[in-house]
Asks: 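A single structure is presented below for examination.
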2 protein chains.
Amino acid sequence: MKTQSAVIERLLKYRDVMQKMKGLGFVRVFSDNLADAVGVSPSLVRKDFSIFGLTGNKRGGYQMEELIAKLNIILGKDRKQKIIIIGCGKMGRALINYNGFPRVGIRVAAGFDSDPAVLDEAAPIPILHISKIKDFITEKGIQVAVLTVPEPSAQSIIDSLKKTCIKGVINFAPVSLRSSENFIIQNINVEQEIENIFYQIHFADGAASSGEESK
Amino acid sequence: MKTQSAVIERLLKYRDVMQKMKGLGFVRVFSDNLADAVGVSPSLVRKDFSIFGLTGNKRGGYQMEELIAKLNIILGKDRKQKIIIIGCGKMGRALINYNGFPRVGIRVAAGFDSDPAVLDEAAPIPILHISKIKDFITEKGIQVAVLTVPEPSAQSIIDSLKKTCIKGVINFAPVSLRSSENFIIQNINVEQEIENIFYQIHFADGAASSGEESK
DNA sequence: CCTTTTTTGTTATTAAAATAACATATTTTT
DNA sequence: AAAAATATGTTATTTTAATAACAAAAAAGG
């Protein structure tokens, strides 16, 4: 029912690797190359491609030019990928100006905030008052939003976004919101990732789990 | 060989949920509660706890106060969790001032950058020149860093960090760096997450995969 | 004080994901 | 032109992870 998120993540990585290889002058790529680069087995690379009907040559690997083009279509890079940023505190403004987005064809259409002090309607990427968000989304046909608001506001904003044509959200608020059938939420929880790393380090040090009984 | 990252992520979520329940006046919690909140089965909740020797009462669920305390020890929250931010552009400075960190006991010890314009040695969380990073890490015993530098610098910084007592890194640069045996790298790739969402939306619209042959 | 209910802790089962294996097609080499 | 080598595409196997099932313990009710 739900498409494998992990497969798509790998396709995105394959594409990025190939883009870089192309820059180095390579024309063909082998499943072994991509496997090494992404850290999976060659058979998984071939299987991933197979799922989407991407084929190579029984000998001679894959033509990158062609493969990248097909991947881009599969990944929707032929369409304009417009997003909005909701919450223009430090993090939100950092994302509005993030040059990694245009580089991969993602365009920030606008930012939104409730604080009049941060509004800037005249900027190249305008920061508008939150009251204008619904009309803006409808008018521009925005489907994806990035949420960089304080935790308490996150859920209520999600609820109101569900009544618009927004279909997916990246949530930076430190609360794990859950996806539903036709509304995708991807949580990015930096503090959780850091806490996870601290655990892994501590565990690696040999402290292991606390409750080890003899068996 | 490698500890399950997914289990720890769930433990962190259980703890967060319980913290909130505690705020609402609850004293006990059942595996069903946590399962609902986190979106897994009750048996998985109990299994996760079981792995770490966390027990409840055969009837009456788990005492939250006690459980949270034990979880915090397992997750290393009894220790000081100091981190540094490498790269003090907009994103790095947003993280330095992020109040989500102190709230969960993570302390940003300093930021580092090569650009003299952003340095500020006198600030509560100082921004120091990158040349001072090695001494700082050693002196303060920093084990975790957040990398918010432009993509081209990321790998070389990782390489030099591997020669220090840093054991784990959160990488915001849009390049998937790989963990090794005793150096953990957790990539946070916002554009990749967004591209993934766009794919999911497009797929949900019925366009599906491009290469479907009859079979 | 015995019966019923509830919820844990653990084992068994199912489901999913990744790897390994191999037959087939295509070059290259001799 | 035949034999050897190579890398795909697909099937089989293994590994991993999650759910379901259930026996045992503890509380509640009559």
Side-chain angles (χ1 to χ4, degrees), chain A residues 1-11 13-14 18 21 26-64 66-67 70-71 74 176 178-179 196 209-215, chain B residues 1-11 13-14 18 21 26-64 66-67 70-71 74 176 178-179 196 209-215:
Chain A
M1 195 105 296
K2 158 205 170 193
T3 321
Q4 294 307 69
S5 190
V7 179
I8 302 304
E9 212 133 287
R10 286 197 300 271
L11 290 187
K13 285 181 185 172
Y14 300 149
M18 285 191 282
M21 288 177 76
F26 289 94
V27 176
R28 298 180 309 165
V29 67
F30 303 113
S31 57
D32 286 63
N33 297 142
L34 294 172
D36 288 344
V38 173
V40 295
S41 69
S43 51
L44 185 56
V45 175
R46 299 197 294 273
K47 206 194 237 177
D48 285 342
F49 286 166
S50 170
I51 292 170
F52 294 90
L54 301 169
T55 61
N57 308 310
K58 280 279 184 187
R59 182 164 176 163
Y62 301 85
Q63 292 293 323
M64 285 203 303
E66 180 194 336
L67 190 50
K70 285 183 179 172
L71 270 176
I74 290 167
S176 288
R178 298 247 296 286
S179 297
N196 200 329
S209 58
S210 64
E212 301 174 300
E213 248 74 61
S214 61
K215 175 65 178 289
Chain B
M1 195 108 294
K2 158 207 172 195
T3 321
Q4 295 306 69
S5 191
V7 179
I8 302 304
E9 211 133 288
R10 285 197 300 271
L11 290 187
K13 285 181 186 171
Y14 301 149
M18 285 191 282
M21 287 177 76
F26 288 95
V27 176
R28 298 180 310 165
V29 67
F30 303 112
S31 57
D32 286 64
N33 298 141
L34 294 171
D36 288 344
V38 173
V40 295
S41 69
S43 51
L44 185 56
V45 175
R46 298 197 295 272
K47 206 196 239 176
D48 285 342
F49 286 166
S50 170
I51 291 169
F52 293 91
L54 301 169
T55 61
N57 309 311
K58 281 280 181 183
R59 180 166 178 162
Y62 301 84
Q63 292 294 324
M64 285 204 303
E66 180 194 336
L67 190 51
K70 284 183 180 173
L71 270 175
I74 291 168
S176 288
R178 298 247 297 286
S179 297
N196 199 329
S209 58
S210 63
E212 299 175 301
E213 249 71 63
S214 62
K215 175 64 179 292

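Numbered from 1 within each chain, the chains take letters A, B, ... in sequence-line order. As a basis for the values below, the full set of heavy atoms in this structure was taken, side chains included, without hydrogen atoms, waters or symmetry mates.
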Asks: Does D:dA7 have its OP1 or OP2 closer than 4.0 Å to a side-chain nitrogen or oxygen of A:S31?
Replies: no
Asks: List in chain and number order the residues that pass side-chain hydrogen bond (donor to acceptor under 3.5 Å, both in side chains) with B:E66, two or more places apart in sequence or in another chain; answer none if no residue qualifies.
Replies: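 With neighbours one apart ignored, the set is B:K70.
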Asks: Given side-chain contact (heavy atoms from CB on, under 4.5 Å), test A:R178 with B:V38 step by step and report yes or no.
Replies: CA-CA 8 Å; A:R178 298 247 296 286; B:V38 173; 6.0 Å; no
Asks: For a 4.5 angstrom cut-off between non-hydrogen side-chain atoms, does A:I74 reach A:L54?
Replies: yes
Asks: Can you measure B:L54 atom CG to C:dT7 atom P for me and round it to whole angstrom units?
Replies: 20 Å
Asks: Walk me through whether B:V27 and B:M64 qualify under side-chain contact (heavy atoms from CB on, under 4.5 Å).
Replies: CA-CA 6 Å; B:V27 176; B:M64 285 204 303; 5.8 Å; no
Asks: What's the OH-P distance between B:Y62 and C:dT7, to the nearest Å?
Replies: 12 Å
Asks: When you check every protein heavy atom under 4.0 Å of nucleotides 16-21 of chain D, what one-letter string (B, S, -) results, 5' to 3'?
Replies: SSBBBB
Asks: Could you tell me if the side chain of A:V29 sits less than 4.5 Å from the side chain of A:Y14, heavy atoms only?
Replies: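 No, their side chains stay 4.5 Å or more apart.
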Asks: I need the CG-C1' distance between A:D32 and D:dT8, as an integer number of Å.
Replies: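 It is 11 Å, rounded to the nearest whole Å.
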Asks: Would you mind reporting whether A:L34 and A:M18 have side-chain heavy atoms less than 4.5 Å apart?
Replies: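 Answer yes - side chains close enough.
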Asks: Can you list the steps and then say if B:S41 with B:L44 is a side-chain contact (heavy atoms from CB on, under 4.5 Å)?
Replies: CA-CA 5 Å; B:S41 69; B:L44 185 56; 3.6 Å; yes
Asks: Quick check: do A:R46 and A:Y62 have side-chain heavy atoms less than 4.5 Å from each other?
Replies: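 With C-beta onward as the side chain, the pair touches.
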Asks: Under 4.0 angstrom, heavy atoms only, what part of the nucleic acid is A:F49 near: base, sugar-phosphate, or nothing?
Replies: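 Nothing, no heavy atom under 4.0 Å.
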Asks: Write down the distance between OH (A:Y14) and P (D:dT8), rounded to a whole number of angstrom.
Replies: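 So the OH-P distance, A:Y14 to D:dT8, works out to 12 Å.
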Asks: Extract from the structure each pairing of a protein N or O with an N or O of nucleotides 26-28 of chain D at less than 3.5 Å, listing the distance.
Replies:
{"from": "D:dA27", "atom 1": "N3", "to": "B:R59", "atom 2": "NH1", "distance (Å)": "3.3"}

Asks: Counting side-chain heavy atoms from C-beta on, which of C:dT8, D:dG9, D:dT8 comes nearest to A:T55?
Replies: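 Comparing C:dT8, D:dG9, D:dT8 against the side chain of A:T55, the answer is D:dG9.
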Asks: Do the non-hydrogen side-chain atoms of A:N57 and A:R28 ever get within less than 4.5 Å of each other?
Replies: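 When only atoms from C-beta onward are counted, A:R28 and A:N57 do not touch, as no gap falls below 4.5 Å.
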Asks: Measure from CG on B:L67 to C1' on C:dG9 and round the result to the nearest Å.
Replies: 14 Å
Asks: Using whole Å, what does the distance between atom C1' of nucleotide C:dT10 and atom CZ of B:F52 come to?
Replies: 17 Å
